[in-house]
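A short worksheet on the structure shown next.
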Amino acid sequence: MKVFVIGGGGREHALVWKIAQSERVTKIYCAPGNPGIAALAECVDIGAGDVDALVAFAKEKAVDLAVVGPEDPLSKGIVDKLFTAGVTAFGPTGAAAELEASKSFAKALMAKYNIPTAAYAEFTDAPSAIDYVKQKGAPIVIKADGLAAGKGVTVAQTLEEAVAAIESMMTEKVFGDAGSRVVVEECLFGQEASILAFSDGKHVLSMAPSQDHKPAFDGDAGPNTGGMGAYSPAPIVNDAMLDEIHRTVLVPCVEGMAKEGRPYKGILYAGLMITESGPKVIEFNCRFGDPETQVVLPRMKSDLVPFMLACCDESLDGMQIDWEPGACVSVVMASGGYPGSYPKGVVIDGIAEAERDTGVNVFHAGTKMDGERLVTNGGRVLNVTAVDRDVPSAIAKAYEGVKRIHFEGAHYRTDIGRKALTAT
Ligand code: AMP
Ligand code: GLY
């Protein structure tokens with residue numbers, strides 16, 4: 001089989017790494033890919049947002065399966081276009097990807113199908129939104145309706161912060177059109193967990209639970225980022241909790257989407273808060289999580305490709321995934337300054353030394369080649385990932401890897417996975 005992976009970050013490196021282990025796969029293309037991916041796949045210089053060029057390439061190479069990593073091409077309907085071009089594609093249609101692309105759509109779906117989530121109201125003008133937050137008080141959560149690269153959410157601890165967030169989204173338009181509508185939500189308390197689940201439009205099959213670390217600094221301090229690290233399993237989601245999430249969140253979502261005439265195929269990502277009154281949805285995403293994928297796939301013993309094909313041809317029912325019993329931890333090494341402005345082109349050393357330990361993989365998130373040298377090319381640069389028999393050993397092994405890697409200004413959290421040690 002020829003597989004075409006779209007995207008070029010750590011998530012796509014992990015996907016390509018896992019797909020390359022499939023006995024069915026003879027060739028992998030990746031657009032645009034990155035230097036880490038280039039060791040496993042033929043990288044093609046087409047941007048992940050250039051839908052028409054990607055579709056033309058997939059058709060020209062007669063790929064057997066296209067796997068779409070990021071949300072942007074999904075929300076632009078790349079899966080619909082690939083289907084029209086006769087290419088089997090793993091991921092939701094544009095209509096189904098609304099689940100991530102519009103928070104307002106997702107909230108309305110959850111209300112209609114009784115999926116537990118935070119109480120909310122939505123607004124298209126700043127004064128009404130401000131009146132509402134004044135009435136509700138802080139803490140309160142302000143979300144831009146549209147896609148904002150994971151940065152469109154403010155958990156406001158004070159009314160001033162809430163008002164400032166509304167003004168920057170709606171009046172100053174820092175997220176462009178994505179902020180012309182805002183969702184204002186009740187603040188939920190508890191531990192977060194991410195569930196990635198396969199869906200074939202009718203049936204849903206969860207992968208192992210994981211947990212991301214969004215804030216930039218140790219102890220969950222500082223601004224939110226795209227994710228500073230992750231671990232799997234997430235002990236907060238035991239078997240009983242996973243079953244509850246399946247019944248109250250995943251199944252109603254997939255059934256609801258089918259009833260709405262937007263059958264959902266691909267990865268359904270539920271970002272959850274495990275509250276005292278049970279799991280509540282913080283957000284749905286229409287794709288593999290980043291960096292959750294980097295810790296879930298290394299624990300997956302089964303071949304990934306048959307599950308993707310089963311989602312496409314609606315044959316997921318009855319399939320089961322085998323998991324490695326241990327744990328996986330991934331530490332993001334970011335550029336100094338991230339999530340604010342940061343330099344690019346800084347030389348990176350030590351990846352081969354880090355990978356010398358069995359069970360350590362360094363997924364490239366934001367790198368490029370500068371002649372013969374590997375240099376930084378993004379905010380999140382590397383995902384130093386380790387599998388071991390339990391969370392403490394995987395944490396130790398991942399940080400051992402981190403110590404061997406050097407680039408000037410490198411910034412990483414030193415407490416990735418620690419929450420798993422205190423969770424009950
Ligand atoms: P999102 O981009 O929707 O994943 O939100 C980013 C982060 O904001 C989440 O990972 C949570 O930590 C936090 N968040 C979002 N919604 C809520 C909420 N209703 N209550 C508490 N925290 C939230
Ligand atoms: N880890 C959060 C996301 O993928 O959106």
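Along the sequence shown, residues are numbered consecutively beginning with 1. Just follow the structure's listing: the first ligand is 1, and inside any ligand the first atom is 1.
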State the atoms of ligand 2, each with its element, that fall below the 4.0 Å cut-off from a heavy-atom position in [X].
X: N285; answer: 3 (C), 5 (O)
X: G289; answer: 4 (O)
X: D212; answer: 1 (N), 2 (C)

Would [X] and [Y] count as a close aromatic pair, with their ring centres under 6.0 Å?
X: Y132; Y: F123; result: yes
X: F57; Y: F4; result: yes
X: H411; Y: F217; result: yes

- Message: I'd like to know if E283 and K214 make a salt bridge, using a cut-off of under 4.0 Å between side-chain N and carboxylate O.
- Response: yes
- Item | Lys/Arg-Asp/Glu bridge criterion (N-O < 4.0 Å) met for K403, E400 | yes
- Task: Note the single closest protein heavy atom to atom 2 (C) of ligand 2, along with its residue, its atom name and the distance in Å.
- Result: Y269 OH, 3.3 Å
- Query: In terms of residue, atom name and distance, what is the protein heavy atom nearest to atom 5 (O) of ligand 2?
  - Reply: R287 NH2, 2.8 Å
- Message: What verdict does the salt bridge (charged side-chain N to carboxylate O under 4.0 Å, His left out) test give for D145 and K103, after you've listed the backbone C-alpha separation in whole Å, the side-chain angles of each residue and the deciding distance to 0.1 Å?
- Response: CA-CA 5 Å; D145 178 50; K103 297 213 187 272; over 6 Å; no
- Task: Start with the C-alpha distance between D303 and K18, add both sets of side-chain angles, then the distance that settles salt bridge (charged side-chain N to carboxylate O under 4.0 Å, His left out), and finish with yes or no.
- Result: CA-CA 8 Å; D303 185 348; K18 182 68 184 159; over 6 Å; no
- Looking only at distances, please establish whether an N/O atom of ligand 1 is found under 3.5 Å from an N/O atom of L188. yes
[X] and [Y]: side chain donor to acceptor below 3.5 Å:
X: T414; Y: D218; value: yes
X: Y29; Y: E42; value: no
X: H203; Y: D200; value: yes

- Query: For ligand 2, is there an N or O atom under 3.5 Å from any N or O atom of D290?
  - Reply: yes
Atoms of ligand 1 less than 4.0 Å from [X] heavy atoms?
X: M273; value: 21 (C), 22 (N)
X: V141; value: 16 (N), 17 (C), 18 (C), 19 (N), 20 (N)
X: K143; value: 3 (O), 15 (C), 16 (N)
X: K103; value: 3 (O)
X: V155; value: 8 (O), 13 (C), 14 (N), 22 (N), 23 (C)
X: E186; value: 18 (C), 19 (N), 20 (N)
X: E283; value: 1 (P), 2 (O), 3 (O), 4 (O)

- Task: Examine the proximity of ligand 1 to N224 and report which part, side chain or backbone, both or neither, has a heavy atom under 4.0 Å away.
- Result: side chain
- Task: Using non-hydrogen atoms of the residue, decide whether G271 is closer than 4.0 angstrom to ligand 1.
- Result: no
